[in-house]
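Below is one structure, written out as structure tokens, with a few remarks after it.
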Amino acid sequence: MQSSAQPQRVITREQLPVAAEQFLSKFFPSADIATLSEQRSFPRREYDVYFHNGTHIEFTTEGQWQEISSREALPQGIVPPTIQAYVSEHYPSQSIRHIERSRKEWEVGLANGFELKFDRDFRLIDVDD
């Protein structure tokens, strides 16, 4: 079966998956959305949300966030507690401004440009400065 990617198309907030809408309402309730778009690549869909403040969130077909980038610290509760505790202990003056997750690992970006990679059990596996 071949994958046929189609260009992104602009959508409305109501066209997001319910889980994505709930995530935005919980963690970014007053954020001003610049654009929402959908990318179809059969059988999956991905959703991109761009805010006027520079924050960008990618959601999966199911509405689960996959990657979040911001110029500011990410809202409390997005970063898993184990990763947040590690950053607070080892980089106390740094905020987490980027997070990405996959099936095998988590990656976080700090305000100072450091990138930390954790395995799926939240054990640190790499530091890129």
(request) Could you grab the distance from atom CG of Leu16 to atom OG of Ser37, nearest 0.5 Å is fine? (result) 9.5 Å
(message) Tell me whether Gln94 contacts the main-chain N or O of Asn112 through its side chain, where contact means a donor paired with an acceptor under 3.5 Å.
(response) yes
(message) Let's go through Ile96 and Ile78 carefully: what are the C-alpha distance in whole Å and the side-chain angles of both, what is the deciding distance for side-chain contact (heavy atoms from CB on, under 4.5 Å) to 0.1 Å, and is it a yes or a no?
(response) CA-CA 10 Å; Ile96 297 174; Ile78 291 176; over 6 Å; no
(message) If I take atom CZ from residue Arg13 and atom CG from residue Leu36, how far apart are they, to the nearest 0.5 angstrom?
(response) 7.5 Å
(message) Nearest 0.5 angstrom please: Ser69 OG to Glu58 CD, how far?
(response) 7.5 Å
(message) Parallel, tilted or perpendicular: which one describes the rings of Phe23 and Trp65, with boundaries at 30° and 60°?
(response) tilted
(request) Under the side-chain contact (heavy atoms from CB on, under 4.5 Å) rule, what do Phe114 and Val127 come out as? Steps first, then yes or no, please. (result) CA-CA 7 Å; Phe114 281 34; Val127 176; 4.2 Å; yes
(request) For the pair Phe28 and Phe51, name the ring-plane relationship: parallel under 30°, tilted 30 to 60°, perpendicular over 60°. (result) parallel
(request) Group every Ile, Leu, Val, Met, Phe, Trp and Tyr by side-chain heavy-atom contacts under 4.5 Å, then state whether Ile33 and Tyr50 land in the same group. (result) no
(message) For Ile68, run the side chain to side chain contact (heavy atoms under 4.5 Å, CB included) check against Ile57, Val79, Val49, Val108 and tell me which one passes.
(response) Ile57
(message) Can you tell me how far apart CG (Leu110) and CZ (Arg97) are? Round to the nearest 0.5 Å.
(response) 9.5 Å
(request) Report yes if some heavy atom in the side chain of Arg71 is under 4.5 Å from a heavy atom in the side chain of Asn53; otherwise report no. (result) no
(request) List the steps and the verdict of side-chain contact (heavy atoms from CB on, under 4.5 Å) for Glu105 and Glu100. (result) CA-CA 8 Å; Glu105 63 187 28; Glu100 185 174 352; over 6 Å; no
(request) Enter the distance from Ile99:CD1 to Ser70:OG here, rounded to the nearest 0.5 Å. (result) 12.5 Å
(message) Between Ser41 and Arg44 (side chain of the first, backbone of the second, donor and acceptor by atom type, cut-off under 3.5 Å), is there such a pair?
(response) no
(message) For residues Tyr91 and Phe122: do they belong to one hydrophobic cluster (side chain heavy atoms under 4.5 Å, members Ile, Leu, Val, Met, Phe, Trp, Tyr)?
(response) yes
(request) Would you tell me whether Gln15 and Thr12 have side-chain atoms, one donor and one acceptor, within less than 3.5 Å of each other? (result) yes
(message) Can you confirm whether more than 12 heavy atoms, excluding those of Arg120, are under 6.0 Å from its CZ atom?
(response) no
(message) Do Trp106 and Ile125 land in one hydrophobic cluster if side-chain heavy atoms of ILVMFWY residues count as linked below 4.5 Å?
(response) no
(message) Side chains of Glu62 and Thr60 only: does a donor on one sit below 3.5 Å from an acceptor on the other?
(response) yes
(request) Determine the interplanar angle of the Phe118 and Tyr86 rings, folded into 0 to 90°, and report it as parallel if under 30°, tilted if 30 to 60°, perpendicular if over 60°. (result) perpendicular
(request) Report the distance from atom OG1 of Thr55 to atom CG of Asp32, rounding to the nearest 0.5 Å. (result) 11.5 Å
(message) Between Thr61 and Arg45 (side chain of the first, backbone of the second, donor and acceptor by atom type, cut-off under 3.5 Å), is there such a pair?
(response) yes
